[in-house]
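Step one of this worksheet: look at the structure below.
Any value given below was found using the heavy atoms of this structure, including those in side chains, with hydrogens, waters and symmetry copies removed. Each chain gets a letter, A, B and so on, in the order the sequences are listed, and its residues count up from 1.
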There are 2 protein chains.
Amino acid sequence: MDEVFKALADGSRRSLLDRLHARNGQTLNELCDGLAMTRQAVTKHLAILEAANLVATIKHGREKLHYLNPVPIHQIGERWIRKFERGKLAALSELKRQLEKRDA
Amino acid sequence: MDEVFKALADGSRRSLLDRLHARNGQTLNELCDGLAMTRQAVTKHLAILEAANLVATIKHGREKLHYLNPVPIHQIGERWIRKFERGKLAALSELKRQLEKRDA
DNA sequence: TTGACATGCAACCATTTGGTTGCATATAAT
DNA sequence: ATTATATGCAACCAAATGGTTGCATGTCAA
């Protein structure tokens with residue numbers, strides 16, 4: 001779980017996921033296209049995403065195809081985000097109450 | 001949004017949010033309790049959480065009370081996680097298809 | 001008012017991170 | 001066979017990160 005959060009912390013990596021979400025199965029060179037980064041930098045980002053199980057790759061001849069795995073993202077939604085959504089309104093109203101108490 | 005992802009990337013910070021979720025409105029010293037970290041380290045983490053708008057604080061006399069703000073977490077769920085949940089099954093079946101093609 | 005307690009501020013440090021360059025290797029095309 | 005293309009590997013670098021220690025300040029209590 002920690003690896004996934006760490007992987008998602010970087011904007012470049014999130015945009016790589018976005019690109020794969022838009023078109024799955026892209027090669028490394030395709031993913032580099034238009035980015036202000038060297039190929040090797042992208043390789044490193046993809047390696048981190050792969051270690052976090054967010055992308056899976058298969059080699060097809062001399063090219064490496066990258067596929068998005070949305071499961072860890074879903075798990076973060078289920079196991080983490082949702083926890084904070086329950087009782088959200090209660091927390092907000094308490095915060096509001098406390099902030100108002102300050103001005104009193 | 002980037003600030004929120006960065007803030008959530010650290011396990012210590014996530015556990016601070018957990019603690020506030022369990023009991024809202026704790027002081028700095030209370031939040032330090034039982035952590036293998038100096039008070040100043042916790043202060044820094046809380047500052048990052050505050051900058052990301054994940055916690056709000058009010059000073060009450062000589063103590064500072066910390067309140068969880070679940071809105072940014074919710075937004076990440078809405079604006080980011082959900083996007084990858086749509087079409088999840090399609091992506092998975094495509095991945096499976098590709099992996100099987102490799103073995104053929 | 002004097003001391004204790006809660007927090008703030010700043011300098012410093014080691015490690016991690018995000019990026020680079022240079023070269024090596026493997027596969028496809030001529 | 002030779003050349004071009006796609007990727008891999010490793011060393012290096014600056015900046016950010018997560019943590020520390022030491023001291024200052026503000027507030028409550030005796």
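Between A:Lys6 and A:Asp2 there is a salt bridge, with a side-chain nitrogen of the basic residue lying less than 4.0 Å from a carboxylate oxygen of the acidic one. Note on A:Arg19 versus A:Glu30: no salt bridge recorded, every NZ/NE/NH1/NH2 to OD/OE distance being 4.0 Å or above.
The separation between A:Leu31 atom CG and D:dT7 atom P is 9 Å, rounded to whole Å. Separating the NZ atom of A:Lys64 from the C1' atom of C:dA28 is a distance of 19 Å, rounded to the nearest angstrom. Distance A:His66 NE2 to D:dG8 C1': 12 Å, rounded to the nearest Å. Put simply, CG on A:Leu49 is 13 Å from C1' on C:dG18, counting in whole angstrom units. Taking atom CG of residue B:Leu65 and atom P of nucleotide C:dA6, one finds them 13 Å apart after rounding to whole Å. In this structure, the CG atom of B:Leu28 is 5 Å from the P atom of C:dT7, given to the nearest Å.
The ring of A:Phe84 has its center no closer than 6.0 angstrom to the ring center of B:His74.
Between A:His66 and A:Gln26, the side chains place no donor N or O within less than 3.5 Å of an acceptor N or O (distance only, hydrogens not considered).
Comparing D:dG18, D:dT7, C:dG19 against the side chain of B:Lys44 picks out D:dG18 as the nearest. Ranking C:dG22, D:dA6, C:dG19 by closeness to the A:Gln40 side chain, first place goes to C:dG22. Out of C:dA6, D:dG8, C:dT20, the shortest distance to the side chain of B:Arg62 is found at C:dA6. The side chain of B:Thr43 has C:dG8 as its nearest neighbour among C:dT7, C:dG8, D:dG18.
The residue among A:His45 and A:Gly61 whose nearest nucleotide of DNA chain C is located toward the 5' end is A:His45. Between B:Val42 and B:Arg39, the residue anchored nearer the 5' end of DNA chain D, judged by the nucleotide with its closest heavy atom, is B:Val42.
Scanning for side chain to side chain contact (heavy atoms under 4.5 Å, CB included) contacts around B:Lys44 gives an empty result, with sequence neighbours left out.
Shown here for B:Leu68 and B:Asn24, the closest heavy-atom pair between the two residues is N-OD1, 2.9 Å.
Using a 4.0 Å cutoff on non-hydrogen atoms, no part of residues 6-14 of chain B comes near DNA chain C.
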Query raised in the report: Stepwise, does the side chain to side chain contact (heavy atoms under 4.5 Å, CB included) test hold for B:Leu8 with B:Leu54?
Result: CA-CA 9 Å; B:Leu8 295 181; B:Leu54 282 160; 4.0 Å; yes
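At the phosphate of D:dT5, neither OP1 nor OP2 sits under 4.0 Å from any side-chain N or O atom of A:Asn29. Remark: B:Lys59 is not in phosphate contact with C:dA6, judged by side-chain N or O atoms under 4.0 Å from OP1 or OP2. OP1 or OP2 of D:dT20 has at least one side-chain nitrogen or oxygen of B:Thr38 nearer than 4.0 Å.
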